[in-house]
Colleague: 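Okay, here's the structure, questions in a sec.
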Protein chains: 2
Amino acid sequence: MNLQELFGKRVRELRQKQELSQEALAFKAGIDRTYMTSIENGKRNVSIQNIEKVITALDVPVKDFFASDIFIEGKK
Amino acid sequence: MNLQELFGKRVRELRQKQELSQEALAFKAGIDRTYMTSIENGKRNVSIQNIEKVITALDVPVKDFFASDIFIEGKK
DNA sequence: ATGTGACTTGTAGTCCGTG
DNA sequence: ACACGGACTACAAGTCACA
């Protein structure tokens, strides 16, 4: 599992914890709903600017976003 | 200071700690030497796949890479 | 409300150089 | 060793119709 997929997984995790829909989060982040879908599913090679938008929309510091065990290598 | 700039700053920090040249790191990461320059200077909107390449080349887990106080918001 | 394939446009990323 | 620039190609951004 690469970082691209892990990122999507983490976004979904944090989004669901807040009981937000993809649409609502996409709106907060200022990106398209369908684009958010493909991000969460690890289909897109997202750029750092959009990464920042999404993390900001999740209301979590970047540091905390990546402070998860899924970001320690060797995960499936 | 946005995430793009913070990323470059952090890359430079970790690279210099290992006494690697930009060229050497770029080679390890499999990306262009001139591109590494602009990444460190926060000039490029890097994609997550290249982010992963760089972090991997730095021999640090993703989690640790972002476990720095510069990634708590409100930094200059 | 979420997911997918297909598409166009802008830019990421490469490769050649310069100081 | 680092920064920057021009010219090029590959690919991400962004949107849509449809399921």
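These numbers come from the heavy atoms of this one structure, side chains and all, not from hydrogens, waters or symmetry mates. In the text below, chain A, chain B and the rest are named by the order of the sequence lines, each starting its count at 1.
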Colleague: Quick one: what's the B/S/- string for nucleotides 8-19 of chain D, heavy-atom cutoff under 4.0 Å, read 5' to 3'?
Modeller: ----SBBBBB--

Colleague: So does A:Gln16 have more than 12 non-hydrogen atoms from other groups sitting under 6.0 Å from CD?
Modeller: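 Buried by this count: over 12 neighbours within 6.0 Å.
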
Colleague: Any donor-acceptor pair under 3.5 Å linking the side-chain atoms of B:Gln4 with those of A:Glu52?
Modeller: no

Colleague: Classify the ring geometry of B:Phe66 against A:Phe66: parallel below 30°, tilted from 30° to 60°, perpendicular beyond 60°.
Modeller: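 Ring orientation of B:Phe66 relative to A:Phe66: parallel.
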
Colleague: Counting only side-chain N and O atoms of A:Lys43, is one of them less than 4.0 Å from OP1 or OP2 of C:dG3?
Modeller: no

Colleague: Can you tell me which residue among B:Val62, B:Val46, B:Val11 is in a side-chain contact (heavy atoms from CB on, under 4.5 Å) with B:Ile51?
Modeller: B:Val46

Colleague: What's the closest nucleotide to the B:Glu23 side chain, out of D:dA1, D:dA3, C:dT2?
Modeller: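 Nearest nucleotide to the side chain: D:dA1.
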
Colleague: Run the salt-bridge test on A:Glu5 and A:Lys43 with the 4.0 Å N-O cut-off and return the result as yes or no.
Modeller: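 Salt bridge between A:Glu5 and A:Lys43, a charged N being under 4.0 Å from a carboxylate O: no.
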
Colleague: State yes or no: are the ring centers of A:Phe7 and A:Phe65 separated by less than 6.0 Å?
Modeller: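 Yes, ring centres under 6.0 Å apart.
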
Colleague: Would you mind reading off the distance between B:Gln22 atom CD and D:dC4 atom C1', rounded to a whole angstrom?
Modeller: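 Distance, rounded to whole Å: 12 Å.
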
Colleague: Take atom CD1 of B:Ile39 and atom P of C:dG13, then tell me their distance rounded to the nearest Å.
Modeller: 7 Å

Colleague: Base, sugar-phosphate, or nothing: which does A:Thr37 touch, judged by heavy atoms less than 4.0 Å apart?
Modeller: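 Since a base atom lies under 4.0 Å of A:Thr37, the category is base.
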
